[in-house]
*Asks:* 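Take a look at the following structure, please.
Every chain is numbered from 1, with letters handed out A, B, ... down the list of sequences. Below, all heavy atoms of this structure are taken into account, side chains as well, without hydrogens, waters or symmetry copies.
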There are 2 protein chains.
Amino acid sequence: MEDKAPASIKQFEERLIDVSESLPKRLRQCADYVAANKDRIAVSTVAEMAEGAGVQPSAFMRFCRILGFSGFSEMQRLFRESYAGGWPDYSTRLKHLREKDEGSASALLGEFVDAGRASLENLLKTIDPRTLDDAVEALAKAQMIHIIGLRRSFPVASYISYAFEKMNVPAMLHSGVGGLDNHNAIRTGDVLLAVTFSPYSAETVDMVEAVSARGIPVVALTDTIVSPLRKFEAITLSVSEVDFGAFRSLSAPLCLAIVLSVAVGTKRSD
Amino acid sequence: MEDKAPASIKQFEERLIDVSESLPKRLRQCADYVAANKDRIAVSTVAEMAEGAGVQPSAFMRFCRILGFSGFSEMQRLFRESYAGGWPDYSTRLKHLREKDEGSASALLGEFVDAGRASLENLLKTIDPRTLDDAVEALAKAQMIHIIGLRRSFPVASYISYAFEKMNVPAMLHSGVGGLDNHNAIRTGDVLLAVTFSPYSAETVDMVEAVSARGIPVVALTDTIVSPLRKFEAITLSVSEVDFGAFRSLSAPLCLAIVLSVAVGTKRSD
DNA sequence: TCAAAAATAGAATTTATAGTCCATTTCTGA
DNA sequence: TCAGAAATGGACTATAAATTCTATTTTTGA
């Protein structure tokens, strides 16, 4: 009843405060319980919420209506969506895009910008500061930093290499030019910084394996936890970038890469 | 199948890593999607998860079983229970990071993420759709696309090169390996795609000049309007990236680069 | 104190979602 | 190349959850 449903958590909270003054007993219990347990809404059933509030499910339903929702489900949707951070569903959006705008370049731009922003936001949420610190620490102590990252990961690797050079950090980019490998350049006291994303290039995985076996520390920049680099003892920073079609904009990995570089550069200059 | 269900997120992750090596295609997709979107499990239905992973719901069910659960619900319960509801939203989280020890790696991360987001937003506002279309048009008509971008711009250039190759667009990256230039590879009918940001590398500017004089079309990806490339007749896409300290995260240029690549690739395949 | 209105509890119904089954396709190894 | 095994897609069923309905209780105000 009343007007329309809150469209954001903020609006929801305002509405809750508004309304809670003038509520009868049971509905008041609902309001109090919800206020204290907002985070449960996304993952509970009405029955559970009702029990928590000490009321009947039907009472809880009435409460949802008073807040302006059509029912519990609608209210729950608000919380579920805002939780997952609005990770957009790209495969379907891409389909739409194809049909609608015939993939006009500016429409594409909008999608990629969106994907990039979501990825960056997610990066902030998922990176563990401790692991990041460990990675910086390890790299800062290295005599020399070896960087590998091929194919899709090559832009990231090359940017790290550029940044290190600018900051006078001794680093070597293993780009495999001319098929010349330089595995033997990696010596005790050095650290390997490996960048790889699905599909993981065999060369990178091999190098990590070989180097790791020799007891040389490895810092890995990869996607998700199922990356093959997990097998080895490496300090692993995982970043997930939203796919859009077959491509990713690399925003998040690059952002992390530059942070890593600057942090290492700063630490070393102390 | 297998033994018993994981009893914690940690066990869940271990299990996921364990099995993910040896999974067939569809189940592998499930594993990858789940690894990258763990937070979604608590608030999604099987149908949604399956769609996200690009598989049938029944395949996703099989996947849950392989992980040791009796079905999706049991797996979901694990995540719902351990769901602490931790959403400090993006802006408050960012504030925290900033306030926390200045110069720590995570604080830096906050700054770069923010800079990246701002740059992307700005990109959307400043790109002229007409110019973008012109650029796509020109590149799509090219017999061969030559790409140049050195130093700071090299990651962008190399990513474009990667994307073109994936989409079967004939392209050549002029990376200057070994100081071997291949200026003569650029022939009538080709187009040059030049990427350069301040400080503009002389090699790139020279190449644009030479090529432009021969009447070969040039598409330039550069920053601001004072770029030296302005002198030549080029289709110029300008992107400004927010600086943070001496470095930029390249989010915006890369985003534009990938859009350009995908648009060109799509157009050519018609 | 009593009648009317509002609120509530619990059962009944509807809907959404998980979970199952089997025909078809795709791999694998001789 | 082919037979057997594994994997897959999609329709089907069972189940759990949301929602509605109504009889009963509680509150309100004259």
*Asks:* Please check the phosphate of D:dA7 (OP1 and OP2 only) for any side-chain N or O of B:Arg62 closer than 4.0 Å.
*Replies:* no
*Asks:* Is the closest basic N to carboxylate O distance between A:Glu21 and A:Arg28 below 4.0 Å?
*Replies:* no
*Asks:* Does A:Gln56 place a side-chain N or O at less than 4.0 Å from the phosphate oxygens OP1/OP2 of C:dG10?
*Replies:* yes
*Asks:* May I ask you to check whether B:Asp133 and A:Ser104 show a side-chain donor-acceptor distance below 3.5 Å?
*Replies:* no
*Asks:* Just the rounded figure in Å: distance from P of C:dA9 to CZ of A:Phe63.
*Replies:* 15 Å
*Asks:* Starting at atom CD of B:Gln76, determine the distance to atom P of D:dA16, rounded to an integer number of angstrom.
*Replies:* 14 Å
*Asks:* Looking only at the side chain of A:Met61 (C-beta and beyond, no hydrogens), which of the listed nucleotides C:dC21, D:dA18, D:dT8 gets closest?
*Replies:* D:dA18
*Asks:* Whole-Å distance between D:dT8 P and B:Phe60 CZ?
*Replies:* 14 Å
*Asks:* Charged N to carboxylate O under 4.0 angstrom, B:Lys267 versus B:Glu137?
*Replies:* yes
*Asks:* The side chain of B:Pro24 is closest to which nucleotide in this list: D:dC21, D:dT8, C:dA18?
*Replies:* D:dT8
*Asks:* Select one nucleotide: of D:dC21, D:dT8, D:dG9, the one nearest the side-chain heavy atoms of A:Ser58.
*Replies:* D:dC21
*Asks:* What verdict does the ring pair (Phe, Tyr, Trp, His ring centres under 6.0 Å) test give for B:Phe79 and B:Phe12, after you've listed the backbone C-alpha separation in whole Å, the side-chain angles of each residue and the deciding distance to 0.1 Å?
*Replies:* CA-CA 10 Å; B:Phe79 283 85; B:Phe12 174 89; 4.9 Å; yes
*Asks:* Rounded to the nearest angstrom, tell me the gap between atom CD in B:Gln29 and atom P in D:dA7.
*Replies:* 14 Å
*Asks:* Atom CD of B:Glu74 to atom C1' of C:dA18: distance rounded to whole Å?
*Replies:* 13 Å
*Asks:* Heavy atoms from C-beta onward define the side chain here; which of D:dG9, C:dA9, D:dA18 lies closest to that of B:Ala59?
*Replies:* D:dG9
*Asks:* Could you check how far CE of B:Met49 sits from P of C:dG19, rounded to whole Å?
*Replies:* 14 Å
*Asks:* So, is A:Ser73 close to the D:dT19 phosphate, meaning a side-chain N or O under 4.0 Å from OP1 or OP2?
*Replies:* yes
*Asks:* Closest nucleotide of DNA chain D for B:Pro57 versus for B:Ser22: which of these residues is on the 5' side?
*Replies:* B:Ser22
*Asks:* I need the NZ-P distance between B:Lys25 and C:dT28, as an integer number of Å.
*Replies:* 12 Å
*Asks:* Please name the pair of heavy atoms, one in A:Ile41 and one in A:Met75, separated by the smallest distance, quoted to 0.1 Å.
*Replies:* CD1-CE, 3.8 Å
*Asks:* Specify the separation, in whole Å, of atom CZ of B:Arg28 and atom C1' of D:dA6.
*Replies:* 18 Å
*Asks:* So, is B:Thr45 close to the C:dA16 phosphate, meaning a side-chain N or O under 4.0 Å from OP1 or OP2?
*Replies:* no
